Amino acid sequence: MLSLVELNGTLLAQIVNFLLLVVILAKFAYKPLMQGLADRQQKIADAIDTAERDRREAEQLKLEYKQHLVEARAKAQAIVETAEKLAEENKEEILKSARAESAHILQKAQEEVMRERELALAQLRSEVVAMSMAAATKIVKEKMDTELNASIVSDFIEKLDEQKIGGMPC
């Protein structure tokens with residue numbers, strides 16, 4: 001019978017060579033290869049940890065940003081409310097000032113009307129005196145002295161003041 005595998009020295013040398021090759025590869029290639037894989041695995045784990053830490057920091061920054069945004073909106077609303085209140089106060093102050101100025105102008109106008117009225121009354125009196133003198137001169141047709149004329153005119157004016165000619169106070 002033929003044996004499929006012949007045991008001879010070549011086969012034994014090949015087995016020894018293979019085992020020697022496995023030992024050499026294990027010592028010089030397998031350990032560095034495994035060390036490289038372990039280093040790579042550590043780098044990946046570190047990158048995942050860093051990414052997770054960065055994600056948490058980003059979440060924290062997002063929360064802080066939202067909080068700052070809420071605070072900024074509250075401050076802006078407070079500023080708007082303060083500005084509205086100040087504007088309302090200014091409006092009231094301006095209205096009060098305008099009312100006071102209006103009252104002042106009205107008072108000055110009334111004073112001016114009173115002055116004009118008194119001036120008109122004085123002019124009216126002098127015209128009445130002149131007309132009275134002219135009428136008295138025509139009626140009397142005689143010479144009177146100046147004192148007597150002044151006395152007559154004064155009496156006439158006093159009577160006019162008492163009667164308030166035309167319903168106007170003198």
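Just so you know, these numbers use all the heavy atoms, side chains as well, and skip hydrogens, waters and symmetry mates. Along the sequence shown, residues carry numbers from 1. No experiment lies behind these values; they were computed from the predicted model shown.
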Start with the C-alpha gap between I24 and K27, add the side-chain angles, then the distance that decides, and say whether side-chain contact (heavy atoms from CB on, under 4.5 Å) holds. CA-CA 5 Å; I24 291 173; K27 184 167 186 165; 6.0 Å; no

Starting from the C-alpha separation in whole Å, work towards a yes-or-no answer on salt bridge (Lys or Arg N to Asp or Glu O under 4.0 Å) for E118 and R115. CA-CA 5 Å; E118 293 198 8; R115 277 193 296 271; over 6 Å; no

Suppose we screen for side-chain contact (heavy atoms from CB on, under 4.5 Å). Which residues come up paired with L25, at least two apart in sequence or across chains?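 Applying side-chain contact (heavy atoms from CB on, under 4.5 Å) to L25 gives L21, A29.
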
I need the full list of salt bridge (charged side-chain N to carboxylate O under 4.0 Å, His left out) pairs touching residues 63-78, with sequence neighbours left out, sorted by first then second residue.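 The answer is none; no pair qualifies.
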
Residues R53, R56; criterion side-chain contact (heavy atoms from CB on, under 4.5 Å); working and verdict: CA-CA 5 Å; R53 186 174 53 249; R56 279 183 293 210; 3.9 Å; yes

Distance in Å, [X] [atom1] paired with [Y] [atom2], rounded so as to fall on 0.5 Å steps:
X	Y	atom1	atom2	result
L86	N90	CG	CG	4.5 Å
D54	E52	CG	CD	9.5 Å
R55	I48	CZ	CD1	13.0 Å
I44	D49	CD1	CG	12.0 Å
T82	Q77	OG1	CD	9.5 Å

Here's a test for you: under side chain to side chain donor-acceptor pair (under 3.5 Å), which of Q41, Q35, Q42 qualifies with D39?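 It is Q35; the other options fail the test.
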
Side-chain ion pair, E88 and K91, N-O less than 4.0 Å: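 Yes.
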
Donor-acceptor contact below 3.5 Å, side chain S102 vs main chain A98: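 No: the side chain of S102 does not pair with the backbone of A98.
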
Is a side-chain donor or acceptor of S97 paired with a backbone partner of E93 at a separation under 3.5 angstrom?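 No, because the side chain of S97 does not come within donor-acceptor range (under 3.5 Å) of the backbone of E93.
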
Using the test side-chain hydrogen bond (donor to acceptor under 3.5 Å, both in side chains), find all partners of E101 that sit at least two apart in sequence or belong to another chain.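 Per chain and number, E101 pairs via side-chain hydrogen bond (donor to acceptor under 3.5 Å, both in side chains) with no residue.
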
Contact between Y65 and L61 at the side-chain level, heavy atoms closer than 4.5 Å - yes or no?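 Not in contact.
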
Test side-chain contact (heavy atoms from CB on, under 4.5 Å) applied to M114 and Q110, step by step: CA-CA 6 Å; M114 290 300 289; Q110 288 173 344; 5.5 Å; no

Is L20 linked to F28 within one hydrophobic cluster, defined over Ile, Leu, Val, Met, Phe, Trp and Tyr using a side-chain heavy-atom separation of less than 4.5 Å?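 L20 clusters together with F28.
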
